[in-house]
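Below is one structure, written out as structure tokens; comments come after it.
So that the names make sense, note that chain A is the first sequence line, chain B the second, and so on, each numbered from 1.
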Amino acid sequence: MAQKPSIPKGTRDFGPEVVEKRQFIINTIKNAFQHFGFAPIETPSFENIETLTGKYGDEGDQLIFKILKSGDFTNKLTDKDWAEKSHTTLANKIVDKALRYDLTVPFARFVVQHQNELAFPFKRYQIQPVWRADRPQRGRFREFYQCDADVVGSDSLWQEVEFVQLYDEVFTKLGLSITIKMSNRKILAGIAESLDIEDKFIGFTVALDKLDKIGVDGVLAELEKNEFSKSSISAIASLLNASNSEESLAQLEMLLKNSKTGQKGIEELKFVQEKCESVGLKSAHLVFDLTLARGLNYYTGAIFEVVANDINLGSIGGGGRYDDLTGVFGLNNMSGIGISFGLDRIYLCMDELHIFPENSLPKVQALFLNFGESESEKALQLIRKLRDGGISSELYPDNVKLKKQFDYASKKGIKNVVFLGDKEVLEKSVSVKNIQTGVQVSVPFEDLICYFLES
RNA sequence: GUGAUUGUAGCUCAGCUGGUUAGAGUGCCUGAUUGUGGUUCAGGAGGUCGCGGGUUCGAACCCCGUCUUUCACCCCA
């Protein structure tokens with residue numbers, strides 16, 4: 001016997017119910033994007049390798065899925081290439097394309113390439129899968145969907161306010177209770193400046209980001225390990241020990257009073273906080289969280305991260321401001337800001353919390369039982385009219401015992417079964433049985449559409 | 001990438017220190033009931049124990065490799 005087929009690690013098949021639920025989320029997000037004035041684009045699944053490498057840091061580069069050159073690439077390699085045994089230099093010679101790692105970098109490439117066709121500020125959304133050669137875990141896959149909305153060509157802080165509104169809108173519609181954590185990269189930069197630890201900025205943010213996992217002591221220990229000075233560690237310690245976000249903001253203002261960048265960061269943060277409060281949020285909580293550092297280093301202003309309140313599944317969305325994203329592709333001074341929704345994690349949250357609305361899934365309304373050839377012909381004529389009237393219905397394809405046909409209907413969640421045997425053909429009316437209530441009524445052929453429209 | 005962990009019927013899981021023919025629940029199929037399903041009853045099918053190698057008289061169980069799952073690190077949606 002053939003070996004059982006399988007799919008690669010970190011990938012999944014989706015059955016009908018799962019796809020329908022995923023589409024419910026996608027449609028909700030898509031509607032919100034469109035209401036906020038974003039237009040859709042799509043980019044290829046794979047890009048030239050140069051487009052992607054160097055954009056995500058060394059760690060990120062490792063996680064990019066690379067695509068082998070076509071044809072016999074071996075005869076262009078020298079013995080020296082093999083002998084060096086360096087997979088990175090060898091990869092450079094046998095790889096020329098790679099699967100996209102996120103949607104932001106391809107978007108930056110898109111903007112630069114089509115800059116003359118676009119009206120700025122350009123607001124686009126994009127819902128497509130991305131791939132990462134990560135080791136999978138719960139809520140971490142090697143193929144997953146991102147739903148991104150970005151604006152380029154405007155450095156107005158109102159965009160930040162709008163994106164908070166957008167998060168609020170989507171998660172309110174989905175019925176998922178969330179907290180939007182917000183911070184500002186300039187604040188972090190200002191801290192680094194004031195404490196004179198700019199050379200260790202990345203180590204600082206990485207340690208900070210772990211706070212909720214390893215606690216204050218853990219963060220301080222990590223800083224110590226990375227040879228931060230005693231005075232800077234104690235300054236950071238007092239910041240982290242602030243009891244709430246107002247207190248930590250107040251402390252920060254003191255600390256950053258000599259840092260222009262830091263003050264700008266606080267100013268920006270306060271603006272967004274105040275305006276969000278004045279415009280109002282439907283259900284989301286917006287909080288300042290100093291420990292939010294975000295891995296991707298291209299952020300330069302506001303940083304966002306979204307977590308679900310009732311379940312711990314890591315972040316289900318994130319984003320921020322990047323002053324010069326398109327710079328690496330040769331287009332300077334294009335400020336951008338964007339956010340992302342992690343579809344797969346949102347799905348997991350909603351599934352585990354059982355908050356998918358019952359009626360969100362499209363259902364067939366009527367199954368016509370199969371009684372034989374002449375009855376089926378009549379049935380299909382009626383079904384055609386029903387479908388034209390916008391009612392989804394189908395004929396059971398085989399003339400088998402009714403038990404089986406009923407079973408099919410209840411498994412597929414079809415509400416009604418329709419009897420159309422010789423008796424009904426003569427009477428020019430069908431018997432419609434509601435499978436849940438057991439109620440059965442006789443409906444004339446010509447009233448059938450109305451009957452289903454009303455029920 | 002580092003260190004652990006998981007895999008037995010379609011699904012959820014038992015299976016003793018290695019010992020005859022690997023079990024249960026549920027689902028599936030057939031019949032009681034050939035135009036009225038979900039209940040009940042009777043019967044039935046279904047497993048190369050993830051895959052490959054090894055140790056042993058004998059392996060689901062021990063050893064090695066490999067794939068997969070989950071977890072921690074790393075990083076991240």
Which donor-acceptor pairs under 3.5 Å do the side chains of residues 30-40 of chain A make with protein atoms, sequence neighbours left out?
residue, atom, partner, partner atom, Å
N31(A), ND2, N27(A), O, 3.3
Q34(A), NE2, Y125(A), OH, 3.0
H35(A), ND1, N31(A), O, 3.2

Rounded distance (Å) that lies between atom P of G1(B) and atom CZ of R132(A): 17 Å
Please report, rounded to the nearest Å, how far the C1' atom of C76(B) is from the CZ atom of F144(A). 7 Å
Just to be sure I understand the rule, does S410(A) reach a base, reach only the sugar-phosphate, or reach nothing, if contact means heavy atoms closer than 4.0 Å? base
Looking at residues at least two apart in the chain, or sitting in another chain, which of them share a side-chain hydrogen bond (donor to acceptor under 3.5 Å, both in side chains) with T43(A)? Q126(A)
Considering only atom P, compute the distance from U30(B) to U56(B) and round it to an integer number of Å. 50 Å
Quick one: label L369(A) by what it contacts on the DNA or RNA (base, sugar-phosphate, nothing), any heavy atom closer than 4.0 Å. nothing
Rounded interatomic separation in angstrom, taking CD1 from I29(A) and P from A77(B): 15 Å
Between C75(B) and C11(B) - P atom distance, rounded Å: 37 Å
Would you please name every residue forming a side-chain contact (heavy atoms from CB on, under 4.5 Å) with E373(A), sequence neighbours left out? none
L176(A) CG to A77(B) C1', in whole Å, measures 14 Å
Can a side-chain donor-acceptor contact be found between D150(A) and Y322(A) if the only test is distance below 3.5 angstrom? yes
Here the distance between atom C1' of U39(B) and atom CD1 of I435(A), to the nearest Å, is 15 Å
Where the side chain of T261(A) meets the backbone of I187(A), is there a donor-acceptor pair that is under 3.5 Å apart? no
How are the rings of F419(A) and F406(A) set relative to one another: parallel (under 30°), tilted (30 to 60°) or perpendicular (over 60°)? tilted
Assess R12(A) against F141(A): is NZ or CZ under 6.0 Å from the centre of the six-membered ring, and within 45 degrees of the ring's axis? yes
Check whether D134(A) reaches the backbone of R142(A) with its side chain - one donor and one acceptor, N or O, closer than 3.5 Å. no
Lys/Arg N to Asp/Glu carboxylate O, R132(A) vs D102(A), below 4.0 Å: no
G10(B) to C28(B) separation - C1' atoms, rounded to the nearest Å: 8 Å
To the nearest Å, give me how far apart CD1 (I214(A)) and P (C73(B)) are. 9 Å
Considering only the P atoms, how many Å lie between U36(B) and G46(B), rounded to the nearest integer? 32 Å
Do L386(A) and F368(A) touch side chain to side chain, with heavy atoms closer than 4.5 Å? yes
Rounded distance in Å between the P positions of U8(B) and C51(B): 10 Å
Identify the pairs formed between an N or O of the protein and an N or O of nucleotides 64-72 of chain B at a distance under 3.5 Å, and give each distance.
residue, atom, partner, partner atom, Å
U68(B), OP1, K9(A), N, 3.2
U69(B), OP1, G10(A), N, 3.4
C71(B), OP2, R138(A), N, 2.4
A72(B), OP2, Q137(A), OE1, 3.1
A72(B), N7, Q137(A), NE2, 3.4

Are R185(A) and E268(A) ion-paired here, with the side-chain N under 4.0 Å from a carboxylate O? no
So among D61(A), T53(A), L63(A), which one has a side chain to side chain contact (heavy atoms under 4.5 Å, CB included) with Y101(A)? L63(A)
At under 4.0 Å between heavy atoms, how does the protein contact nucleotides 26-36 of chain B? Give one character per nucleotide, 5' to 3', with B, S or -. --S--S---BB
Would you mind reading off the distance between K210(A) atom NZ and C73(B) atom P, rounded to a whole angstrom? 8 Å
Counting any heavy atom closer than 4.0 Å, what does V206(A) reach on the DNA or RNA strands: base, sugar-phosphate only, or nothing? sugar-phosphate
Pairwise C1' distance for G27(B) and G65(B), with rounding to whole Å: 36 Å
When you compare U26(B) with U34(B), how far apart are their C1' atoms, in angstrom units rounded to a whole number? 29 Å
Separation of C75(B) atom C1' from E305(A) atom CD, nearest Å, is 13 Å
Using both pair distances under 3.5 Å as the test, note the stems of at least 3 consecutive Watson-Crick or G-U pairs that include RNA chain B. B:1-4 with B:70-73, B:10-13 with B:23-26, B:28-32 with B:40-44, B:50-54 with B:62-66
Using the C1' atom as the point on both nucleotides, what is the distance between A45(B) and G50(B), in whole Å? 24 Å
Does the cation-pi check pass for K200(A) over F228(A), that is, NZ or CZ under 6.0 Å from the six-membered ring centre and within 45° of its axis? yes
